[in-house]
Student: 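The structure's right below; bear with me while I get my questions together.
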Amino acid sequence: MLQISYLRDHTEVAMQRLAIKNFTDTGLIQQIIDTDTERRKIQAELDALLAHQNRIAKQVGELMRAGNKAEAEDLKNKSTAMKQSVAELHDKLAAAEREMESLLVKIPNTPSPKVPAGKSAEDNKEVHRNSVPVPELGKKAKPHWELAEQYDIIDFELGNKISGAGFPVYKGKGARLQRALINFFLDKATAAGYKEVQPPVVINEDSGFGTGQLPDKEGQMYHVTADNLYLVPTAEVPVTNFYRDVILKHAELPVKLTAYTPCFRREAGSYGKDVRGLNRLHQFDKVEIVQIEHPDKSYETLEVMKDYVASLIDALELPFRIVMLCGGDMSFASALTYDFEVWSGAQHRWLEVSSVSNFETFQSNRMKLRYRDEKNKTHLAHTLNGSALALPRIVAALLENNQTEKGIRIPKALVPYTGFEMMD
RNA sequence: GGAGAGAUGGCAGAGCGGUCGAAUGCGGCAGACUCGAAAUCUGUUUUCCGGCUUGCCGGAACGGGGGUUCGAAUCCCUCUCUCUCCGCCA
């Protein structure tokens, strides 16, 4: 959620930047500013009345103690006469505040000035490609879903039986590979200074609102209606919300956390080759990194996080590229996002395995996450997060790219975790 | 699932109709003492909204919402949550 003060004081700039995200509803922005003006006017009126009432109440007390009942009664009547106006203004103020917030949450975050304009993924800007060569596998290359069946390591049919499409069962060395990747990623993150935490995997409404999943993306989460809880779509939600309604001391910044959770996504509306095999699942494993930063340092930090994620994929010896998302492809809450895509050797396409974003104050304004500066003034902190990494497409690329006659080669860095060098 | 108790500042904990944004203790910050530290003493220490001369003024907040009253942390209703005991259970 943008800050109303920003929208009010920098209306033109805000509109220009929102246009990069293809948000052009200037009427809505004007409506917000009008509502805000009205809100402040109402508050000034209400405050004046309340101040008057407070004075009367004090005087009544004094008069009663002095035994001056007649005059006290007189004042009481005066105050009573004001009650209706107070109640009306109170309701009007509450309505204006509700109105303003309900409109404000519809405005996406303003993209950073670096963000390129564009409509879709085609307009994203490649900023890096690592030196691992794209494998030449020839015509015999099998897609990962065939390899999974051949080596009996992932059972999609069994998952269908138990839950439905998008809930695979990992078996044998496949299950072991999952565990190996999770441990590998957590160990790396810990070594890089992120503190490991294990959050709940169901979240309440306030948490969903805090990071921006609610109210807009309600349909993307599994909802446990009996308790009004949601299954986490990413560890970002519970972990960032640790700091909802918190004021950090400046010495406590930055906060660096990492968490493994299963992630649950309904993926309503997805279809076709995108959902084949491991490409898009309803449940998958992911290690996430979350950082809370001083506003002056958040972009520097974003680069550090980007380099960190790159180091993970390098260690897995997978070819990948990093793209800076264009305005049209960015999420609602992000100010700048880097996507990481690994090359899928049999599908011949790039698969997104990580997304690293700076949300600036968009999330912290929603969840009132602040820090205290050297002068004890409070400010909204910046929040950032990134996948480090999401497992399924990494597994897909590992299976496809590393397939050999004898089996699937496990990258060296992972062998201590898998305990085997070949999937066969 | 059943019964009971409770929710107050960073923490502990008082207040139970007015002078209470809130005693006291602990913690934090600044200063005094000290070569330094501890101890001790003094001062200071919530957040949000609005206004303007940016330091002050006004308003709001004692779990959330509503009510009674001239006036509510205090009384009433309601919701949520927490704790204790019993039951069940990894």
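Lettering follows sequence order; numbering is per chain, from 1.
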Student: Answer with base, sugar-phosphate or nothing: what part of the nucleic acid does A:Leu75 contact at a heavy-atom distance below 4.0 Å?
Tutor: nothing
Student: Looking at side-chain heavy atoms only, is the closest gap between A:Cys326 and A:Lys125 below 4.5 Å?
Tutor: no
Student: Think A:Lys249 forms a cation-pi with A:Tyr371, using NZ or CZ under 6.0 Å from the six-ring centre and within 45 degrees of its axis?
Tutor: no
Student: For A:Lys368, answer base if it contacts any base atom (sugar-phosphate contacts may also be present), sugar-phosphate if it contacts only those atoms, and nothing otherwise; contact means non-hydrogen atoms under 4.0 Å.
Tutor: nothing
Student: Would you measure the distance from the P atom in B:A12 across to the matching atom in B:U80 and give it in whole Å?
Tutor: 25 Å
Student: So that I can compare with my own list, what are the stems of RNA chain B, taken as at least three consecutive Watson-Crick or G-U pairs with distances under 3.5 Å?
Tutor: B:1-7 with B:80-86, B:10-12 with B:24-26, B:27-32 with B:40-45, B:46-52 with B:55-61, B:63-67 with B:75-79
Student: Say we look at B:U19 and B:A23: how far apart would their C1' atoms be, to the nearest angstrom?
Tutor: 14 Å
Student: Taking for each residue the nucleotide of RNA chain B bearing the nearest heavy atom, is the 5' side occupied by A:Lys76 or by A:Asn54?
Tutor: A:Asn54
Student: How far does the P atom of B:A14 sit from the matching atom of B:U68, given to the nearest Å?
Tutor: 31 Å
Student: Over all strands shown, is A:Ala51 touching base, sugar-phosphate only, or nothing at heavy-atom distances under 4.0 angstrom?
Tutor: sugar-phosphate
Student: A:Lys173 side chain to A:Asp152 main-chain N or O, any donor-acceptor pair under 3.5 Å?
Tutor: no
Student: Say you pick atom C1' in B:U54 and the same atom in B:G9; how far apart are they, in whole Å?
Tutor: 26 Å
Student: Which value, in whole Å, describes the distance between the C1' atoms of nucleotides B:A73 and B:G21?
Tutor: 10 Å
Student: Which nucleotide span of RNA chain B, 5' end to 3' end, has atoms closer than 4.0 Å to non-hydrogen atoms of chain A?
Tutor: B:G18 to B:G71
Student: Identify, between A:His90 and A:Ala57, the residue whose nearest nucleotide on RNA chain B lies closer to the 5' end.
Tutor: A:Ala57
Student: In the structure I gave you, are the side-chain heavy atoms of A:Pro108 and A:Leu18 within less than 4.5 Å of one another anywhere?
Tutor: yes
Student: Pick base, sugar-phosphate or nothing for A:Arg370, based on heavy-atom distances below 4.0 Å to the nucleic acid.
Tutor: sugar-phosphate
Student: Are side-chain heavy atoms of A:Thr261 and A:Cys263 found at a separation under 4.5 Å?
Tutor: yes
Student: A:Asn77 near the nucleic acid: base, sugar-phosphate alone, or nothing, with a heavy-atom cut-off under 4.0 Å?
Tutor: nothing
Student: Can you tell me, in whole Å, how much space there is between the P of B:C79 and that of B:G2?
Tutor: 15 Å
Student: Would you mind writing out the side-chain donor-acceptor pairs for residues 197-210 of chain A within the sub-3.5 Å range, not counting sequence neighbours?
Tutor:
residue	atom	partner	partner atom	Å
A:Asn204	OD1	A:Asp206	N	3.4
A:Asn204	OD1	A:Ser207	N	3.0
A:Asn204	OD1	A:Ser207	OG	3.0
A:Glu205	OE2	A:Asn228	ND2	2.5
A:Ser207	OG	A:Arg244	NH2	2.9

Student: Just so I know, are the side chains of A:Glu267 and A:Gln220 near enough to count as touching, which here means a heavy-atom distance under 4.5 Å?
Tutor: yes
Student: Tell me, yes or no, whether the heavy-atom count around A:Lys114 atom NZ, taken from other residues, nucleotides or ligands under 6.0 Å, exceeds 12.
Tutor: yes
Student: Taking B:G50 as the reference, what is the distance to B:G67 when you measure between their P atoms (whole Å, please)?
Tutor: 25 Å
Student: What's the shortest heavy-atom distance between A:Tyr194 and A:Val290, and which atoms?
Tutor: CD2-O, 4.4 Å
Student: Using the P atom on both, measure B:U8 against B:A3 and round to a whole Å.
Tutor: 25 Å
Student: So, A:Arg40 and A:Asp36, do they make that salt bridge, N to O below 4.0 Å?
Tutor: yes
